[in-house]
Every structure is written in structure tokens, then in C-alpha cells.
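As a basis for the values below, the full set of heavy atoms in this structure was taken, side chains included, without hydrogen atoms, waters or symmetry mates. Just so it is clear, the structure is predicted and the values come from calculations on it, not from any experiment. We name chains A, B, ... by the order of the sequence lines, and we start the count at 1 in each one.
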There are 2 protein chains.
Amino acid sequence: MAQNREKLEAAAQEMVQHKGMSGLSFRTLAAEVGIKSSSVHYHFPEKSDLGSALIQRYSSEFFAQLDVIAGRDDTLNAKIKSFIDIFEEVGRQNKLCLCGMMAAEYEQLSSSNRQLLCDYFDNTEKWLIKQLEAHKEDYESTSNRKVIARMIMSSLEGALLLDRIQGGARHIGAQRGVINQIVFGR
Amino acid sequence: MAQNREKLEAAAQEMVQHKGMSGLSFRTLAAEVGIKSSSVHYHFPEKSDLGSALIQRYSSEFFAQLDVIAGRDDTLNAKIKSFIDIFEEVGRQNKLCLCGMMAAEYEQLSSSNRQLLCDYFDNTEKWLIKQLEAHKEDYESTSNRKVIARMIMSSLEGALLLDRIQGGARHIGAQRGVINQIVFGR
DNA sequence: GTCTATAGGCAGATAGAC
DNA sequence: GTCTATCTGCCTATAGAC
């Protein structure tokens with residue numbers, strides 16, 4: 001079935017968001033989907049091919065969500081809230097952002113996967129800057145937009161990391177307050 | 001030599017801050033120090049024993065630095081700057097915080113190592129709260145101190161994660177500005 | 001596309017000599 | 001404390017049948 005490729009990607013994404021690429025084996029992935037590990041190699045010849053597929057899959061789903069948010073007739077405040085909500089939902093499932101997890105495994109990645117990972121963060125930063133620019137009237141920060149975009153993204157990645165080990169959403173909550181305070185001058 | 005234990009811990013810490021626990025093997029660690037892997041097992045029977053030793057070693061070094069900072073006759077501003085400097089130096093070496101790295105590998109850790117990791121973050125949070133309380137006169141934030149402490153820590157962990165993949169210290173820099181703005185009302 | 005079978009390597013861990 | 005030697009198991013990856 002050609003739809004096993006989709007099942008493999010979905011299962012692999014879930015596993016990587018929990019245990020990382022190095023915590024995922026072709027055998028356990030195959031078992032999860034109900035096929036053999038050699039069949040996984042049919043779809044993804046090398047593990048790095050699976051890695052590429054996962055980053056691309058995660059990115060395209062993520063940016064699709066951002067497109068929806070950007071397209072809404074909403075305030076900047078509501079858009080940023082929706083952005084943070086995406087991360088909060090990931091944390092609620094005791095997962096990390098797939099790209100955040102792979103960022104921790106950066107030294108193990110192939111150079112093309114490193115590039116895909118950088119693109120994910122660059123494009124997220126660009127999206128944030130664009131929203132901040134599109135709502136000049138609401139933007140109250142004295143800092144420039146690049147700095148704000150970077151702080152939002154790294155805050156949320158760090159918050160996911162720490163919330164998972166302590167349970168709950170305390171760090172995400174703290175960052176939510178701070179981001180509002182910085183962007184809107186409270 | 002009893003000092004091989006120290007060499008092993010130092011080499012292992014370095015490797016884990018780059019590649020994580022799962023990227024470290026007894027064989028490569030042994031080779032780094034110039035002994036055999038079976039000799040590593042003499043010092044650390046299981047890999048989780050090495051993990052415990054590393055978290056404890058990293059924590060005690062870290063909190064020793066915090067003790068020095070707390071003991072200085074400095075402003076809150078200077079203390080927070082020194083705190084951030086510790087993280088910036090880690091990033092300058094293209095490493096992650098050891099505990100941040102192991103937080104990403106949380107699901108692979110033994111339960112006692114999970115506890116040690118939690119302690120590291122709890123105690124850091126407590127230290128930050130204590131400093132904020134000790135300098136009531138400088139503290140300008142409307143948020144409560146727990147929230148501020150959490151946001152500082154998760155901001156810096158996330159900044160290290162993202163700065164490493166892009167090179168430079170842009171995220172740490174962005175967080176430095178934001179932390180000042182939040183704590184001191186700029 | 002999926003299977004069985006297997007190669008070849010590296011992992012953590014142990015036994016026992018020195 | 002460190003060594004050699006080895007066990008057992010898992011890993012990625014491939015060959016070839018169906």
C-alpha cells in the first residue's frame with residue numbers, strides 16, 4: 001500500500017517528537033505500522049532520507065497553520081496568541097517541536113538536513129517579522145522586529161523543553177505573559 | 001590512575017554537550033582518554049551511572065558559579081548579566097547546557113536521572129527567585145518572581161538550542177535585551 | 001511493496017588474568 | 001585499575017524471492 005508511506009511518516013514523527021531521531025529505529029517504526037524493517041527501507045533508503053521527509057512534513061504542516069493564522073482578519077494580539085497555542089498543544093502531548101528535538105541532535109544530522117532545519121527556523125522568524133510589520137499600529141515594542149521574532153521562537157522552544165520534564169505548561173505560560181508584555185508594552 | 005575518573009567525566013561532559021548521551025559510547029569515550037571501554041565500566045558500571053555523575057558534576061560546577069555571583073556586592077542587573085554570561089559562554093563553544101541536552105533525551109533517562117535533572121532546573125529557579133527577592137529595590141516587573149525566573153531559564157535554554165544551529169549568539173542577545181526589559185522595565 | 005534472510009558493525013556489559 | 005576476550009543484542013542496510 002502506498003499509504004504505508006504516510007503511516008510511517010506519521011508514526012515516525014510522533015516517535016521523534018518523543019525520543020529523537022537517535023531514539024527511533026527502523027525496526028520499532030516498522031513494528032508500529034505492522035510491516036518489516038526492510039520494507040521501511042523501500043520508502044526511505046537511508047535514515048537521513050526519513051529525517052528529511054520528517055522535517056519537510058513537519059514544516060509544511062506548521063506553515064500551513066501559519067498561513068491560516070495570517071489570513072484571518074485578526075489583531076496582532078490574536079495572531080500571536082494562535083502562534084503560541086500551536087506550541088502549547090505540542091507540549092500538552094508531552095512532545096517537543098520536531099525541529100527543536102532535531103536541533104538538539106544537530107551534530108548527528110546530514111548537511112542537507114541541517115539546512116532544512118535552518119530553513120524551518122529562518123522561515124518562522126520571517127513569518128513573525130511579517131506579522132509584526134503588518135500590524136504596525138499595535139506594535140509597541142522599542143526593540144526591532146528581528147530581535148522580537150528571535151526571542152519569541154527561542155522562548156517557546158525552551159519552554160517546551162522544560163515543561164516536558166516538569167509536567168504542566170508553566171514555562172509556556174510564563175513566556176506567553178512575557179511576549180505580550182514585550183510586544184504590546186503590556 | 002584514580003584521576004582517570006576525572007578525565008572520563010570531563011571528556012564525557014564535553015561529548016554529551018555536543019552529541020547527547022545517546023551520541024556517546026563507552027568505546028569512543030575510552031578512546032578519548034586512552035583506555036579501554038571495559039575500564040570505563042570499572043568507574044561507571046552502567047551508562048546511567050555515568051549519566052548521574054555528569055548531571056551532578058555539571059550541577060555542582062554551575063551552582064558554585066552561582067554562589068560566587070550571589071556573594072558579590074553587585075546590583076541585580078550585574079548579577080543577571082553574569083548569569084546570562086554563563087550561558088553565552090557555553091554557546092560560544094557550540095555546546096548546549098548539559099542539562100538542556102539531557103532534557104531533550106528525557107524519555108530515555110532512568111527515573112533517578114530524571115529526578116536529578118528536575119532538581120537542576122528547580123534549584124536554578126529557586127536561585128533566581130532568591131536574587132530577585134534580595135534586590136526588591138531594583139525589581140520593576142509587575143509579574144511575580146516565579147514567572148520571571150521560569151521565563152529567564154527557558155529563554156536561555158531555547159536560545160542555546162537555536163544559536164547553535166545558526167551560529168553566533170543572536171538568540172542569546174535577543175533574550176538578554178528582553179530579560180532586562182522585563183525585570184527592570186527597561 | 002512487502003517479505004525472509006543475512007551481512008557487518010557497534011552498542012552495553014561481563015569474566016577473569018595481571 | 002586496566003587489560004584481553006567475548007557475549008548478546010540491536011542497529012542500518014542489502015540481496016533476492018514473491
Side-chain angles (χ1 to χ4, degrees), chain A residues 1-55 57 101-102 104-114 116, chain B residues 1-55 57 101-102 104-114 116:
Chain A
M1 316 175 207
Q3 78 199 64
N4 269 350
R5 187 187 164 98
E6 164 57 21
K7 284 188 193 170
L8 286 167
E9 289 187 7
Q13 180 181 321
E14 181 80 12
M15 293 163 99
V16 171
Q17 287 186 260
H18 280 285
K19 301 171 189 264
M21 280 295 288
S22 64
L24 170 113
S25 76
F26 275 50
R27 279 168 159 75
T28 58
L29 173 57
E32 187 72 24
V33 172
I35 60 177
K36 296 293 171 182
S37 72
S38 54
S39 304
V40 179
H41 281 281
Y42 168 80
H43 297 284
F44 309 99
E46 304 191 7
K47 203 177 183 183
S48 61
D49 298 316
L50 176 59
S52 309
L54 292 181
I55 303 172
R57 176 194 157 93
M101 181 66 90
M102 290 181 76
E105 298 178 296
Y106 190 69
E107 296 199 10
Q108 273 76 42
L109 299 182
S110 69
S111 67
S112 61
N113 283 347
R114 289 181 183 187
L116 288 172
Chain B
M1 314 176 208
Q3 78 198 66
N4 269 351
R5 187 187 164 98
E6 164 57 21
K7 284 187 192 170
L8 286 167
E9 289 188 6
Q13 180 181 322
E14 180 80 13
M15 292 163 99
V16 171
Q17 287 186 261
H18 281 284
K19 300 170 190 266
M21 280 295 287
S22 63
L24 171 117
S25 76
F26 275 51
R27 281 168 157 76
T28 57
L29 173 57
E32 188 72 24
V33 172
I35 61 177
K36 296 293 172 182
S37 72
S38 54
S39 304
V40 179
H41 281 282
Y42 169 80
H43 296 284
F44 309 100
E46 305 190 6
K47 203 178 183 184
S48 61
D49 298 317
L50 176 59
S52 309
L54 292 182
I55 302 173
R57 175 194 158 93
M101 180 66 91
M102 290 182 76
E105 298 177 296
Y106 190 68
E107 296 200 10
Q108 274 76 44
L109 298 182
S110 69
S111 67
S112 61
N113 283 346
R114 289 181 182 187
L116 289 172

Checklist entry - Between D:dC11, C:dA5, C:dT2, which nucleotide has the shortest distance from any of its atoms to the side chain of A:R27? => result D:dC11
Checklist entry - Should A:N4 be listed as having a side-chain N or O under 4.0 Å from OP1 or OP2 of C:dG1? => result no
Item to check | Length of the line joining B:F26:CZ and D:dC10:P, which is rounded to integer Å | outcome: 18 Å
Checklist entry - How is A:Y42 classified with respect to the nucleic acid when contacts are heavy atoms under 4.0 Å: base, sugar-phosphate, or nothing? => result base
Checklist outcome for this item: Among D:dC3, D:dT2, C:dA11, the one nearest any side-chain atom of B:K36 is D:dC3
Checklist entry - Do the side chains of B:R57 and B:Q13 get nearer than 4.5 Å, heavy atoms only? => result yes
Checklist entry - Can any side-chain N or O of B:R5 pair as donor or acceptor with the backbone N or O of B:F44 at less than 3.5 Å? => result no
Item to check | Given D:dG1, C:dT2, C:dC3, the nucleotide with the shortest approach to the side chain of B:H43 | outcome: D:dG1
Checklist entry - Hey, does A:L24 reach any base, or is it just sugar-phosphate, or nothing, if we go heavy atoms under 4.0 Å? => result sugar-phosphate
Item to check | Between D:dC10 (C1') and A:L29 (CG): distance, integer Å | outcome: 15 Å
Next on the checklist: Using only atom types and a distance under 3.5 Å, with no angle test, would you say the side chain of A:N113 pairs donor to acceptor with the backbone of A:S48?
Outcome noted: yes
Next on the checklist: What is the separation between atom NZ on A:K19 and atom P on D:dC10, rounded to the nearest whole Å?
Outcome noted: 15 Å
Checklist entry - Of all the nucleotides listed (C:dA13, D:dA13, D:dT2), which has the minimum atom distance to the side chain of A:S37? => result D:dA13
Checklist outcome for this item: Between CD of A:Q108 and P of D:dC11 the distance, given in whole Å, is 17 Å
Checklist outcome for this item: Against the side chain of A:E46, the closest entry in C:dG12, D:dT2, D:dA13 is D:dA13
Checklist entry - Does A:S25 get its side chain close enough to the base of D:dT12, under 3.5 Å, for a donor-acceptor pair? => result no
Checklist entry - Nearest to the side chain of B:K47 - D:dA15, C:dT2, C:dG12? => result C:dG12
Checklist entry - Of the nucleotides D:dA13, D:dC3, C:dA13, which has the atom closest to the B:H41 side chain? => result C:dA13
Next on the checklist: Between A:K47 (side chain only) and A:M21 (backbone N and O only), is there a donor and an acceptor less than 3.5 Å apart?
Outcome noted: yes
Item to check | Gap between atoms NZ and C1', on B:K7 and D:dG1 respectively (whole Å) | outcome: 13 Å
Next on the checklist: Is the phosphate of D:dT2 approached by B:S38 (side-chain N or O, under 4.0 Å from OP1 or OP2)?
Outcome noted: no
Checklist outcome for this item: Rounded to whole Å, CZ of A:F44 lies from C1' of D:dT14 at a distance of 18 Å
Checklist entry - If you measure only the distance, is there a donor-acceptor pair under 3.5 Å linking the side chains of A:E105 and A:S22? => result yes
